[in-house]
Amino acid sequence: MSLLNFRRKEAPAPQQPNAEVEAFLQDYSIEVMPRTAEKVENFRDLLPEGTRVYIAHIEGTPIEDMVATAARLNADGFKVMPHFPARIIKDRATLENWIAMYQGEADVKQALLLAGGVTDPHGDFSDSMQLMETGLFDKHGFERLHVAGHPEGNRDIDLDGTRLKVDSALKWKQGFSERTDAKMAIATQFAFEAGPIIEWADSLKHAGIDLPIHIGIAGPAKLQTLIKFAIACGVGPSLKVLQKRAMDVTKLLLPYEPTDVVAELAAHRAANPDFNITHVHFFPLGGIKTNAQWAIDNGGRATTPANVS
């Protein structure tokens, strides 16, 4: 008889994904840049089959790099949606050339139209509505156009801190969607608190804007990194979520994860089937691999990578 009865410890059972979160993360999208995409050896090891991948066009990025990234992602089986920032596009001819390059080399048929991060226009365009009015996306058979949304306002547009101008622009875009056959949605800036997001989404519905909302969510990242990006991007009231966390010494060095805000939004959507936030759009501020792994850990079957399914 053994004096010491050691038993092998059983591995803890894997945590089952929250069903509401799994449903909410179905068909999520993610944003990359050419330089960040270069660091990923194989996107199919990270992202579900057919994931929509936005390609952010930062001022100074050559269009050739944008198109090459789009071609790579398209070849891997992903839905590619490059940014078209109005203020860095010189003129109509440049816009049409970009469209032709994306179509000819990467079979792109969808785009995110936005004003862009620069203050002074480089040419003829200053906002996304002017891009839409050219008729070039319709001429070249683009099937889907997304536009920008700002749950906490945009001080580059509404200097007084209200949402009057950005909401007025969304009403114009709602009208555009009604008089064209383009499939449209609103892709938003990220925020960190569910309450202001829900209030904003409800306010759009009450204003007669029924475009589906793809809510921007900041992926896991160091707290200092998130605060830096949040301030630079003009994130408003929900920034206090990060500031409160920064004051807690026990959490200061731990990476932020979007678990709480995603769970709250998912629960609200489950309780309100007509909720106009239909998808999650990730900003992988802490890295694409880190963001994809968080989605895999929390999304169950909805976020299984293409090479695993």
Carefully, step by step, assess Asp107 and Gln103 under the rule side chain to side chain donor-acceptor pair (under 3.5 Å). CA-CA 4 Å; Asp107 195 29; Gln103 286 194 322; over 6 Å; no

Full working for ring-ring contact (aromatic ring centres under 6.0 Å, His included) between His279 and Tyr28: CA-CA 6 Å; His279 293 75; Tyr28 78 83; over 10 Å; no

Could you walk me through whether His140 and Trp98 satisfy the ring-ring contact (aromatic ring centres under 6.0 Å, His included) test, starting with their C-alpha distance in whole Å, then the side-chain angles of each, then the deciding distance to 0.1 Å, before giving a yes or no? CA-CA 11 Å; His140 290 277; Trp98 284 18; over 10 Å; no

Criterion side chain to side chain donor-acceptor pair (under 3.5 Å) on Glu199 and Ser203, from CA distance to verdict: CA-CA 6 Å; Glu199 180 275 329; Ser203 74; 4.5 Å; no

Could you go step by step and tell me if Thr188 and Trp200 meet the side chain to side chain donor-acceptor pair (under 3.5 Å) rule? CA-CA 11 Å; Thr188 83; Trp200 173 76; over 6 Å; no

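For Arg44 against Asp76, the heavy-atom pair with the smallest separation is NH1-O, 2.9 Å. Counting all heavy atoms, side chain and backbone alike, Met66 lies closest to Ala56 at SD-O, 3.5 Å. Across all their heavy atoms, Met81 and Ala111 have their closest contact at CG-C, 3.6 Å.
Ring centroid separation for the pair Phe84 and Tyr102 comes in under the 6.0 Å cut-off. Annotation: Phe282 is not in aromatic contact with Phe190 [ring centroid separation under 6.0 Å not met].
By the 6.0 Å and 45° rule, Arg179 stacks over the aromatic ring of Trp172.
We find that Glu22 and Arg301 are joined by a salt bridge, their nearest charged nitrogen and carboxylate oxygen being less than 4.0 Å apart. Checked for salt-bridge contact, Arg87 and Glu59 miss the test: no charged N lies under 4.0 Å from a carboxylate O.
At a cut-off of 3.5 Å, with distance as the only test, a side-chain donor of Ser128 or Lys173 sits close to an acceptor on the other residue.
In this pair, His146 and His214 present their aromatic rings perpendicular. The plane angle is above 60°, beyond the 30 to 60° band.
Among the candidates Val280, Ile197, Val21, Asp260, the single residue satisfying the side chain to side chain contact (heavy atoms under 4.5 Å, CB included) test with Leu265 is Ile197. No option in Val32, Asn307, Ile30 other than Val32 meets the side chain to side chain contact (heavy atoms under 4.5 Å, CB included) test with Phe43.
Hydrophobic clustering (side-chain heavy atoms under 4.5 Å, transitive across Ile, Leu, Val, Met, Phe, Trp, Tyr) keeps Leu112 apart from Ile288.
Around atom NZ of Lys205, more than 12 heavy atoms belonging to other residues, nucleotides or ligands sit under 6.0 Å away.
A donor-acceptor pair under 3.5 Å is absent between the side-chain atoms of Asp91 and the main chain of Asp124, judged by distance alone.
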